[in-house]
Amino acid sequence: MNELWRRSATELAELIRRGEVSSRAVVEAHLARIGDVNDDVNAVTMTLEESALALADAADAADAIERLRPLHGVPYTIKENIDLVGTPTTQGLPSLADAIPSTNSPIVDRMNSAGAIPIARTNLPELGLRIDTENPLRGRTFNPWDRNLTPGGSSGGEAAAIATGMSPMGLGNDIGGSLRNPAYCCGIASLKPTAGRVPFAIEGEVGGLGAASMEFVSDGPMARTVADLRLGLSIIAGRHAKDPRTVDVPLTGPVPNPLRAGIVTAIPGCELPPATIAAIERSGEILSNQGWEVTPVEPPETERVLDVWGNILLEGMADGLEEMSNVISPELHQQLIEVEKYFNPGSGSLNAMLGERQRLRVIWSKFLTEYTVIVGPTWTNLPFPCNADLAPGTGAELVINTLRFITPGNALGIPGLALPTGIADGLATGIQIYADLWRDDLCLLAGECIEREVDTITPIDPKIR
């Protein structure tokens, strides 16, 4: 019991429910862990000690009915671009250091109603626009496996906090892998839900990305186990008026018989690292041993999916790109200019790109009807050195190549699960699982099957090299 920070959110909720441990003890254990390790990774930007302890005491004094709430008395963390009353939604910008929202994000309200206790805020890059995590307001977040490498982004603070035991569960968001990128780099699990399943809403502008990009974005849960992701999704999913895209859709559907998994070990335009291929092949073996039909596959038109994602995203951003130069760092602004040149928005109309997106969604839905899930890489390369994504002349290409199998989740709206599978050469390694629209449950099902047969690799003490 003296290392409660090692436990999953689901385990902690059960311990508190049975009266084997108090919420205060759980919260104090995580606050102490933040004090012990946050200086080494700079994942937590603001600790909510006073309010968290008060809420823990209230949880311990709650009646029997309240104690049945699914996350009663369990702490969680919140990325700094998700609204939490009483704390700034900084977006990693000095200009928003005091931007206090008047209401919570819908998903924060839902977590709180489920009994969870906000314990800290976590770091992100400026406006969430990088796959590394650093900003001029809060500084750099370090990868707990190797501080010379990126922790991923944009939910890098969340991933590093969960990976080191400062939090059992957290909230992030994903428009270009921002839940899955840092999960892969830090060795935790995350779920990008089907677009429209979980409400996304904050006060003010959404990073200047344009209305079209809202089709790509989703909030979602981050944790160390698939069970926690399943629980988190059940709490935050559902229709909310603040996000008119959202609908109430059942969290589970019929399980196909037979279960079929497509295994992806090659992505056009890049060469996957041996450790990644080994993790994917091992996952296929695990599924096969559990009765799945496992087949090597090549997903349809991944390069075109990447192109459509980039063009729609940058078309929406183009009008405000020059204006953003007054808000973000010069290095990030230059990188966005370089990325824009790669995709060449404006070469075709936005209407044409949306039409292409619809065509690709149809093709992929047919593909994901034939295969229950597809299992492939999260990133197409290993975690890169800090700030390599901003390097003049090479950074933009690095970003684009890294995201080659991330972008289907956003461009097509399909659910994507990032799952750690082990350690290779001292770094976390893992896979990504895709399923058809609204079948988040199939991602979770396959993830649980694989997770049962692999070693747990987090929480860890930060590696100081």
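It should be emphasised that the depicted structure is a prediction, and the values quoted were computed from it without experimental measurement.
Salt bridge absent: D248 and R239 never bring a charged side-chain N and a carboxylate O closer than 4.0 Å. Classification of E14 and R18 as a salt-bridged pair holds, one side-chain N sitting under 4.0 Å from a carboxylate O. By the 4.0 Å N-to-carboxylate-O rule, K463 lies too far from D146 to be salt-bridged with it. Using a 4.0 Å cut-off between charged nitrogen and carboxylate oxygen, R33 and E3 do not count as a salt-bridge pair.
Using a 4.5 Å heavy-atom cutoff, the side chains of L149 and W145 are not in contact. Within the 4.5 Å cutoff, side-chain heavy atoms of V21 are placed close to those of I16. Side-chain contact between L368 and I374: present, with at least one pair of heavy atoms (C-beta onward) separated by less than 4.5 Å.
Classified by interplanar angle (parallel below 30°, tilted 30° to 60°, perpendicular above 60°), the ring pair F384/W379 is parallel.
Using modelled atom types and a 3.5 Å distance limit, the side chains of D228 and T10 yield a donor-acceptor pair. A donor atom on one side chain and an acceptor atom on the other are found under 3.5 Å apart for D109 and N104. Side-chain contact check for S23 and D60: no donor-acceptor pair (N or O, by modelled atom type) lies under 3.5 Å. T77 and E158 share a donor-acceptor pair across their side chains, judged by distance under 3.5 Å alone. Of the N and O atoms on the side chains of K79 and S155, at least one donor lies less than 3.5 Å from an acceptor on the other residue. The closest side-chain donor-acceptor pair between N173 and S178, if any, does not fall under 3.5 angstrom. Side-chain atoms of R404 and T380 form no donor-acceptor pair, as typed in the model, at a separation below 3.5 Å.
Atom CD1 of I119 is separated from atom OG of S167 by 7.0 Å, given to the nearest 0.5 angstrom. Between the CG atom in D441 and the CD atom in E448 there is a gap of 10.0 Å [rounded to 0.5 Å]. The CG atom of N143 lies 9.5 Å from the CG atom of N148; values are rounded to the nearest 0.5 Å. In this structure, the separation between OG1 on T103 and CG on L84 is 10.5 Å, given to the nearest 0.5 Å.
At most 12 non-hydrogen atoms from other residues, nucleotides or ligands lie less than 6.0 angstrom from CG of D455. Heavy atoms of other residues, nucleotides or ligands lying less than 6.0 angstrom from NZ of K242 number more than 12. Counting non-hydrogen atoms of other residues, nucleotides and ligands closer than 6.0 Å to CD of E453 gives a total above 12.
Only one option out of T90, T45, T141 pairs with N123 in a side chain to side chain donor-acceptor pair (under 3.5 Å); it is T141.
Under the 6.0 Å distance and 45° angle rule, R147 counts as a cation-pi partner of F142.
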